[in-house]
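Worksheet: the structure to be examined is printed underneath.
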Amino acid sequence: NTAKKVDLILPEGVTEIYPYAFSFCRNLKEVKLPSTLTLIQYDAFANCTSLEKINFPSSLVWIGNRAFAESGLKEVTFPAKFGYMENAVFKNCKNLEKVIVPPGCQNFLMDETFSGCINIKEIDVRQATMYMSPIKLESTFSKEAYNNATVYIPTFMNTPNWAGLNYWRNFKKVVYVDYPKGDINLDKIVDIGDVSTHINILLEKENRRVDPEKFLAYIRSKIKDRNM
């Protein structure tokens, strides 16, 4: 425990981190994951009590049980269009203060995902509400988080449907951020960029993408043809 804190950089080409690969590495402070990573298996970084920072690449699709349980993480930003997470992934991360969820992120809330995370202050789901993951079990968050954390969502989600999204209704502090409906990119303008982002989210499972500029050119050509 008195050893110098170290950082870990995994090289490009690594696609999977195996169970218990770095568990109990208590001098690990920061981890940089490669853009090729798809799987983080169970208990991979569990009990890394000094681990404060990690990046989740957009290629990541699976995080196993207790992968970061009882680690020292302070902030978690899920990758866009993240696929699936097992139970108790961040359980008892008592230094965790902020959770950020980008567009298209689904199935990121399971049993005891943030259980025991008693110091969460902010949960930013303003970009994810179009694909909001329900809180299926009350144990997903700690009682302290339900009482003290502030949840940020777009104003247009201030509907009875929001309150009906299972245990989301348990949060005592909800701040509605004023974004136009359909503004997926959150630049307060609903434009072709939002459309292409929406299409890319839908196409992600087929490993296809839409280039916004090419998509705009295609739409313009169709409009031009119609006006001729």
Side-chain angles (χ1 to χ4, degrees), residues 30 45 49 51-56 58 60 63 66-190 194 197 201:
E30 181 176 350
F45 294 93
T49 53
L51 178 61
E52 297 179 354
K53 186 177 181 181
I54 191 169
N55 68 299
F56 291 130
S58 59
L60 186 65
I63 303 179
R66 292 183 47 85
F68 297 93
E70 302 190 43
S71 69
L73 288 173
K74 295 181 177 180
E75 180 176 314
V76 170
T77 301
F78 289 99
K81 300 173 286 295
F82 175 72
Y84 187 79
M85 187 161 57
E86 293 188 318
N87 297 328
V89 169
F90 300 100
K91 184 176 182 178
N92 291 333
C93 290
K94 291 182 168 54
N95 293 331
L96 187 61
E97 296 184 352
K98 187 174 183 179
V99 178
I100 302 174
V101 185
C105 187
Q106 304 179 62
N107 298 318
F108 65 96
L109 295 172
M110 309 303 289
D111 187 20
E112 295 190 305
T113 301
F114 296 103
S115 174
C117 299
I118 60 176
N119 290 307
I120 295 179
K121 295 181 173 64
E122 180 178 338
I123 302 169
D124 190 342
V125 293
R126 72 187 83 183
Q127 296 186 60
T129 49
M130 197 175 166
Y131 302 90
M132 178 59 67
S133 177
I135 301 178
K136 299 177 181 178
L137 297 167
E138 192 169 16
S139 59
T140 298
F141 286 93
S142 67
K143 178 179 68 175
E144 290 82 0
Y146 285 123
N147 289 331
N148 302 320
T150 301
V151 179
Y152 293 89
I153 66 172
T155 300
F156 66 78
M157 285 297 294
N158 187 8
T159 68
N161 290 334
W162 166 255
L165 279 171
N166 308 96
Y167 289 100
W168 280 112
R169 63 180 179 270
N170 280 23
F171 285 98
K172 302 295 191 295
K173 302 177 183 178
V174 177
V175 174
Y176 296 100
V177 183
D178 190 16
Y179 290 102
K181 188 172 184 178
D183 183 16
I184 300 176
N185 295 327
L186 299 188
D187 53 8
K188 297 196 174 184
I189 301 173
V190 180
D194 298 296
T197 297
I201 291 171

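Heavy-atom basis, side chains included; hydrogens, waters and symmetry copies ignored.
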Subject >> Residues forming a ring-ring contact (aromatic ring centres under 6.0 Å, His included) with F171, sequence neighbours excluded >> reply: F141, Y146, W168
Let me confirm one number: the [atom1]-[atom2] distance from [X] to [Y], rounded to the nearest 0.5 Å.
| X | Y | atom1 | atom2 | answer |
| --- | --- | --- | --- | --- |
| T113 | N87 | OG1 | CG | 6.5 Å |
| I120 | C93 | CD1 | SG | 9.0 Å |
| E52 | N95 | CD | CG | 7.5 Å |

**OP:** Give a yes or no on whether the backbone of M110 and the side-chain of T140 come within a donor-acceptor separation of less than 3.5 Å.
**Re:** yes
**OP:** Sequence neighbours left out, what passes salt bridge (charged side-chain N to carboxylate O under 4.0 Å, His left out) with E144? Give chain and number order.
**Re:** none
Original post:
Can you list the residues that meet the salt bridge (charged side-chain N to carboxylate O under 4.0 Å, His left out) rule with K143, with sequence neighbours excluded?
Top reply: none
Original post:
Which is it for F56 and V76 under the side chain to side chain contact (heavy atoms under 4.5 Å, CB included) test, yes or no, and what are the steps along the way?
Top reply: CA-CA 9 Å; F56 291 130; V76 170; 4.0 Å; yes
Subject >> Within residues 110-120 or reaching into it, pairs that qualify as salt bridge (charged side-chain N to carboxylate O under 4.0 Å, His left out) - sequence neighbours excluded >> reply: K91-E112
By side-chain contact (heavy atoms from CB on, under 4.5 Å), which residues pair with [X], not counting sequence neighbours?
| X | value |
| --- | --- |
| K121 | E97 |
| N55 | K32, L33, P57 |
| E70 | N47, R66, N92 |

**OP:** Decide yes or no for L60 and F78: does some side-chain heavy atom of the first lie under 4.5 Å from some side-chain heavy atom of the second?
**Re:** no
Subject >> Min side-chain heavy-atom separation I54-F68 under 4.5 Å >> reply: yes
Original post:
How about N170 and E138: does a side-chain donor come under 3.5 Å of a side-chain acceptor?
Top reply: yes
